[in-house]
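Comments concern the structure below.
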Amino acid sequence: MTASVSFSVVVTNYNYGAFVCEAVDGALAQSRAPLQVIVVDDGSTDGSPALLAQRYGGDARVTLLIGENAGQLAAFRRGLEQVRGDVVCFLDADDCWLPEHLARLGEVFDARADVDFVFSDLELFGQQQARMRYADRAMDLGYTVVSTYMLMHWYGAPTSALALRAPWARRTLDLPDSLGASWRLSADNCLVFGTSVLGGRKYYQPTGCVRYRIHGNNGWWGNRTLANEYLNRFRSRCLIEHYARTIGLDARCVDFAKQEFKTKPAPSWREARRYAALVRLRRGSWWRGLERSLAILAAAWRRRGELPVEFKGLS
């Protein structure tokens with residue numbers, strides 16, 4: 001019988017007193033109960049610490065960590081220090097989960113000991129209503145080192161839709177202070193890029209249970225300008241290079257693009273085209289590169305009846 005993994009939930013809050021109790025209550029109300037819910041208040045000045053203490057101070061299921069403001073990455077790290085579960089999920093205080101979220105994630109983690117990182121779809125609500133999804137069904141994405149390093153492809157989702165085995169969270173968040181200062185916001189990039197570059201296996205599992213609130217104070221969503229998008233890409237490149245240096249990875253990894261593609265049991269057509277472009281970056285004659293590219297596309301075409309449809313959104 002397959003062993004059941006345990007879940008730890010880290011809820012990070014900064015001045016979201018109007019929303020944080022909904023996030024915590026949703027984590028506590030999961031049909032598959034988490035081992036622990038850790039609430040990290042990152043120096044809120046809106047009365048959140050007192051509210052959290054009053055509501056959850058006597059709840060043995062909840063660990064409250066109240067500290068000075070240091071940003072999202074620091075809050076992730078503080079919460080992670082308390083994690084005892086096999087898998088850790090990070091939940092933004094302005095988002096919330098429906099009751100079956102952890103149960104759906106557990107279906108993958110229980111059955112697949114080789115899967116290290118699972119991400120889900122999101123339902124936007126509040127000032128916008130939409131569904132963001134990577135594909136229209138569950139998908140084993142295999143390994144994503146080469147695609148992430150060479151193309152900066154983002155195999156993931158915003159914070160509240162991410163789950164990863166605790167050792168992987170610790171590896172990805174083990175960053176020098178010089179990089180940590182860059183990720184006061186959007187620290188989910190560290191989890192997403194780090195797991196890919198360091199060699200974690202990824203899986204997309206739509207749960208239909210993650211509600212992503214759109215409001216005027218969203219940290220990343222509310223600051224999307226061309227300049228900020230450029231700076232985020234630049235910082236992401238630096239982050240990826242840091243992870244690569246720790247394992248001796250460089251651009252020669254493109255030589256393994258074809259082998260990496262084979263780790264994906266049912267790649268989407270979009271993924272096949274991505275890897276077809278990657279193999280053409282290998283050293284050698286242009287003709288050999290074209291041959292490798294066509295071989296990948298032909299393999300995907302032969303399985304076209306099995307391929308999921310990928311949608312614009314998180315990808």
Exercise. Roughly how far, to the nearest 0.5 Å, is OG of S8 from CD of Q36?
Worked result: 3.5 Å
Exercise. Hey, are T195 and K202 close enough side-chain-wise for a donor-acceptor pair under 3.5 Å?
Worked result: no
Seminar exercise, completed: Shortest non-hydrogen pair, S4 vs D110, comes out as CA-OD1, 3.3 Å
For this session: Give a yes or no on whether a salt bridge exists between R274 and E271, defined as a side-chain N under 4.0 angstrom from a carboxylate O.
Result: yes
Exercise. Nearest heavy-atom pair of L122 and P158: which atoms, and what distance?
Worked result: CD1-CD, 3.6 Å
Exercise. How far apart are the closest heavy atoms of Y243 and C190, and which atoms are they?
Worked result: OH-O, 3.2 Å
For this session: Using the rule that two of Ile, Leu, Val, Met, Phe, Trp, Tyr join whenever any of their side-chain heavy atoms come within less than 4.5 Å, decide whether V87 and L28 are in one cluster.
Result: yes
For this session: Give the C-alpha distance, both sets of side-chain angles, the deciding distance and a yes or no for side chain to side chain contact (heavy atoms under 4.5 Å, CB included) between D92 and Q72.
Result: CA-CA 10 Å; D92 282 339; Q72 189 181 37; 3.3 Å; yes
Exercise. Are S147 and H153 close enough that a side-chain donor and a side-chain acceptor fall under 3.5 Å?
Worked result: no
For this session: Determine whether V10 and L80 make a side-chain contact, defined as any pair of heavy atoms from C-beta on separated by less than 4.5 Å.
Result: no
Seminar exercise, completed: Distance col, row S186:OG vs L239:CG, nearest 0.5 angstrom, shows 11.5 Å
Problem set entry | Any donor-acceptor N/O pair, D250 side chain to R252 backbone, under 3.5 Å | yes
Problem set entry | Joint hydrophobic cluster, V62 plus Y14, side-chain heavy atoms closer than 4.5 Å | no
Problem set entry | Heavy-atom side-chain contact between V210 and D95 under 4.5 Å | no
For this session: Going by the salt bridge (charged side-chain N to carboxylate O under 4.0 Å, His left out) test, name the single residue among R133, R137, R131 that passes it with D121.
Result: R131
Exercise. Can you tell me if CD on E68 sees more than 12 non-hydrogen neighbours from other groups inside 6.0 Å?
Worked result: no
For this session: Indicate yes or no: at least one non-hydrogen side-chain atom of Y134 is less than 4.5 angstrom from one of Y155.
Result: yes
Problem set entry | Atom pair OG (S44) and CD1 (I66), whose distance is rounded to the nearest 0.5 Å | 8.0 Å
Exercise. Can R237 be said to sit on top of Y149's aromatic six-ring, NZ or CZ under 6.0 Å from centre and within 45° of the ring axis?
Worked result: yes
Exercise. Where the side chain of Q128 meets the backbone of I214, is there a donor-acceptor pair that is under 3.5 Å apart?
Worked result: no
Exercise. Are M152 and Y275 joined in one hydrophobic group, where the rule is that I, L, V, M, F, W and Y side chains link up if heavy atoms are under 4.5 Å apart?
Worked result: yes
For this session: Identify whether V24 and F125 are in the same connected component of the hydrophobic contact network (ILVMFWY, side-chain heavy atoms under 4.5 Å).
Result: no
Exercise. With distance as the sole criterion, is a donor-acceptor pair present between the side chains of D116 and Y143 under 3.5 Å?
Worked result: no
Exercise. Do you know the tightest heavy-atom contact between N69 and R184?
Worked result: OD1-NH2, 2.6 Å
Exercise. Is the backbone N or O of D41 less than 3.5 Å from a side-chain atom of N13, with the two atoms forming a donor-acceptor pair by type?
Worked result: no
Exercise. Checking side chain to side chain contact (heavy atoms under 4.5 Å, CB included) for the pair N189/W183: CA distance, chi angles, key distance, verdict?
Worked result: CA-CA 8 Å; N189 281 279; W183 297 104; 3.6 Å; yes
Problem set entry | Beyond-backbone contact of D140 with R112, side-chain heavy atoms, under 4.5 angstrom | yes
Exercise. Heavy-atom count around Q54 CD within 6.0 Å, excluding the residue itself: above 12?
Worked result: no
Exercise. Is the number of heavy atoms from other residues, nucleotides or ligands under 6.0 Å of F256 CZ greater than 12?
Worked result: no
Exercise. CZ/R233 to SG/C238 distance, rounded to the nearest 0.5 angstrom?
Worked result: 12.5 Å
For this session: Give a yes or no on whether the backbone of R104 and the side-chain of Q205 come within a donor-acceptor separation of less than 3.5 Å.
Result: yes
For this session: Please answer whether the main-chain N or O of L173 pairs with a side-chain N or O of R77 as donor and acceptor at a distance below 3.5 Å.
Result: yes
For this session: Would you please classify the geometry between the F193 ring and the W154 ring as parallel, tilted or perpendicular, with 30° and 60° separating the classes?
Result: perpendicular
For this session: State yes or no: are the ring centers of H215 and Y16 separated by less than 6.0 Å?
Result: yes
Exercise. Between S6 and L35, is there a donor-acceptor pair closer than 3.5 Å when you use the side chain of the first and the backbone of the second?
Worked result: no
Exercise. Going through the distances and angles, do R201 and D114 end up as a salt bridge (charged side-chain N to carboxylate O under 4.0 Å, His left out)?
Worked result: CA-CA 7 Å; R201 189 177 187 115; D114 61 327; 3.8 Å; yes
Problem set entry | Stepwise side chain to side chain contact (heavy atoms under 4.5 Å, CB included) check, L73 with L175 | CA-CA 10 Å; L73 177 58; L175 293 168; 4.1 Å; yes
For this session: State yes or no: are the ring centers of F119 and Y204 separated by less than 6.0 Å?
Result: yes
For this session: Please report the shortest heavy-atom distance between H101 and S160, naming the atom on each side.
Result: NE2-O, 4.2 Å
Exercise. So, the side chain of R165 versus the backbone of V115: is there a donor-acceptor pair under 3.5 Å, distance only?
Worked result: yes
Seminar exercise, completed: d(S120 OG, M132 CE) to nearest 0.5 Å is 12.0 Å
Problem set entry | Under 3.5 Å: donor-acceptor pair, side chain of T148, backbone of V145 | no
Exercise. Can you check whether Q129 reaches L124 side chain to side chain, under 4.5 Å on heavy atoms?
Worked result: no
For this session: Check whether any side-chain heavy atom of R171 sits under 4.5 Å from a side-chain heavy atom of L164, and report yes or no.
Result: no
For this session: For residues F76 and F90, establish whether the separation of their ring centroids is below 6.0 Å.
Result: yes
Problem set entry | Minimum heavy-atom distance between C89 and L105, given as atom pair plus value | SG-CD1, 4.0 Å
Exercise. Do V146 and L151 belong together in a cluster built from hydrophobic side chains that touch within less than 4.5 Å?
Worked result: yes
For this session: Flag the pair S182 / F234 as yes when at least one side-chain heavy-atom distance between them is below 4.5 Å, and no otherwise.
Result: no
Exercise. Any sub-3.5 Å donor-acceptor pair from Q30's side-chain atoms to L102's backbone N or O?
Worked result: yes
For this session: Verify side chain to side chain contact (heavy atoms under 4.5 Å, CB included) between L297 and W269, making sure each step is shown before the conclusion.
Result: CA-CA 8 Å; L297 293 174; W269 184 244; 4.0 Å; yes
Problem set entry | N/O donor-acceptor pair under 3.5 Å between E100 side chain and C209 backbone | no
Exercise. Say you draw a straight line from OG1 of T12 to CD1 of I38; how long is it, rounded to the nearest 0.5 Å?
Worked result: 11.5 Å
For this session: Compare all side-chain heavy atoms of H242 with those of P176 and state whether any distance is below 4.5 angstrom.
Result: yes
